[in-house]
Participant: 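My questions will all concern the structure given below.
Order of the sequence lines fixes the chain letters, A, B, ..., with proteins taken first and strands second; residue numbering starts at 1 for each chain.
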Number of protein chains: 2
Amino acid sequence: MIDKGLLKGSIKTIVLKLLSEHQRMYGYEICQHVKTISQEQVILTEGALYPMLHKMEADGLLLTEKVRVGNRVRKYYQLSTTGTQEVTKKLEQFRTYVEAMQLILQPKMTN
Amino acid sequence: MIDKGLLKGSIKTIVLKLLSEHQRMYGYEICQHVKTISQEQVILTEGALYPMLHKMEADGLLLTEKVRVGNRVRKYYQLSTTGTQEVTKKLEQFRTYVEAMQLILQPKMTN
DNA sequence: ATAAATACCTAAGAATTTTAGGTATAAAAG
DNA sequence: CTTTTATACCTAAAATTCTTAGGTATTTAT
């Protein structure tokens with residue numbers, strides 16, 4: 001699995017990107033989806049994800065909607081207008097970060 | 001400047017890589033060098049760097065050597081055997097991390 | 001009937017970093 | 001020549017983010 005330290009600071013970017021593609025998702029679904037598409041490499045733990053979702057909602061990036069499914073209540077998240085703008089910023093920041101790191105770690109990552 | 005959050009967990013990798021190319025460097029030099037080669041994008045603050053260097057030395061990754069320069073004492077760091085092995089691991093982990101992130105963030109980072 | 005999967009959550013602690021200092025020498029600028 | 005900037009080291013408090021390790025409850029598989 002991926003080095004924990006490196007993943008720090010990436011969760012928000014991941015959540016924003018997934019929501020920009022899926023309209024709405026719930027927490028557990030996000031965990032599973034990340035696991036699947038990253039080929040089991042990125043494991044978003046619930047202890048990290050839920051507090052982050054709550055923070056992003058408090059920051060006005062996400063909107064929520066509770067939906068009853070049988071006897072359970074699912075909490076769906078979707079991007080707010082601010083959140084939608086934030087996606088672009090975060091993706092851009094990630095790109096810049098990788099480029100800067102490659103300048104430092106040089107040989108084009110292909111060594 | 002680079003998003004702070006993303007840089008978390010990268011300092012160790014950066015230090016190891018620089019030392020693998022330079023035989024020996026001192027703290028202040030590392031800060032300046034990173035700033036220069038990253039084109040002012042990555043700013044390693046001393047408050048983050050020095051404690052990390054001390055930790056890496058304590059963990060046996062680095063060896064130190066104090067050198068008088070005029071009336072000042074410079075503290076040079078170089079890789080230990082363990083440190084040298086660690087470079088490869090860390091670079092590999094970084095590559096894996098970027099690849100995994102690209103699976104999630106998809107459009108090959110070129111969008 | 002029991003275990004595993006789904007689905008939410010929190011709180012204590014660890015790890016890493018920021019912020020904001022402190023000390024002191026050497027070089028540049030006014 | 002004195003003040004600022006650069007060099008060069010350091011630490012400690014606070015903030016951030018994450019891990020670990022729980023807890024609850026429903027639903028599906030074994």
Participant: As an exercise, state the distance from CG of L63(A) to OG1 of T82(A), rounded to the nearest 0.5 Å.
Facilitator: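 These two atoms lie 8.5 Å from each other.
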
Participant: Salt-bridged, R95(A) to E99(A), with N to O below 4.0 Å?
Facilitator: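 No salt bridge links R95(A) with E99(A).
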
Participant: dT16(D) P sits how many Å from M52(A) CE, rounded?
Facilitator: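 Roughly 11 Å, once rounded to whole Å.
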
Participant: Could you measure the distance from the CD1 atom of I104(A) to the OG atom of S10(B)? Nearest 0.5 Å is fine.
Facilitator: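 Interatomic distance, I104(A) CD1 to S10(B) OG, rounded to 0.5 Å: 8.5 Å.
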
Participant: For nucleotides 6-11 of chain C, read 5' to 3', which letter fits each nucleotide if B means a protein heavy atom sits under 4.0 Å from the base, S means only the sugar-phosphate is that close, and - means neither?
Facilitator: BBBBB-

Participant: Please identify each residue that fulfils side chain to side chain donor-acceptor pair (under 3.5 Å) with R72(B), with sequence neighbours left out.
Facilitator: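 For R72(B), no residue satisfies side chain to side chain donor-acceptor pair (under 3.5 Å) once neighbours in sequence are set aside.
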
Participant: Nearest whole angstrom, please: distance from the C1' of dT19(D) to the CG of L6(A).
Facilitator: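 Rounded to the whole Å, the gap is 16 Å.
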
Participant: Ignoring hydrogens and angles, answer whether the base of dT16(D) and the side-chain atoms of K8(B) contain a donor-acceptor pair closer than 3.5 Å.
Facilitator: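 Answer yes: a donor N or O sits under 3.5 Å from an acceptor.
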
Participant: Would you classify K55(B) as touching base, sugar-phosphate or nothing, given that sugar-phosphate means primed atoms plus P, OP1 and OP2, and contacts are heavy atoms under 4.0 Å?
Facilitator: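 Sugar-phosphate, no base atom in range.
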
Participant: Identify whether any heavy atom of G5(A) sits under 4.0 Å from a base atom; if not, whether one sits that close to sugar-phosphate; answer base, sugar-phosphate or nothing.
Facilitator: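 Nothing: the residue G5(A), judged by heavy atoms under 4.0 Å, touches no strand.
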
Participant: Rounded to the nearest Å, what distance is computed from the CG atom of residue L49(A) to the P atom of nucleotide dT17(D)?
Facilitator: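 One finds 14 Å between P of dT17(D) and CG of L49(A), rounded.
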
Participant: Atom OH of Y77(A) and atom CE of M56(A): how far apart are they, to the nearest 0.5 Å?
Facilitator: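 So the gap between those two atoms works out to 10.0 Å.
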
Participant: Kindly work out whether a path of hydrophobic side-chain contacts (I/L/V/M/F/W/Y, heavy atoms less than 4.5 Å apart) joins I30(B) to V73(B).
Facilitator: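 Different clusters.
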
Participant: Starting at the 5' end of DNA chain D, which residue's closest nucleotide do you reach first, N71(A) or I43(A)?
Facilitator: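 First, find each residue's nearest nucleotide; the 5'-ward one identifies I43(A).
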
Participant: How many Å lie between CZ on R68(B) and C1' on dA26(C), as a whole number?
Facilitator: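 Interatomic distance, CZ of R68(B) to C1' of dA26(C): 14 Å.
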
Participant: Rounded to the nearest Å, what distance is computed from the CD1 atom of residue I14(A) to the P atom of nucleotide dT17(D)?
Facilitator: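 Going from I14(A) (CD1) to dT17(D) (P), I get 14 Å.
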
Participant: Atom CG of L44(B) and atom P of dT17(C): how far apart are they, to the nearest Å?
Facilitator: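 Atom CG in L44(B) sits about 9 Å away from atom P in dT17(C).
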
Participant: Give me each pair satisfying side-chain hydrogen bond (donor to acceptor under 3.5 Å, both in side chains) with a member in residues 44-69 of chain B, each pair once, sequence neighbours excluded.
Facilitator: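 Residue pairs with at least one partner in residues 44-69 of chain B: R24(B)-E65(B), K55(B)-D59(B), E57(B)-T64(B).
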
Participant: Between dT19(D) atom P and D3(A) atom CG, what is the distance in whole Å?
Facilitator: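 Answer to the nearest Å: 10 Å.
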
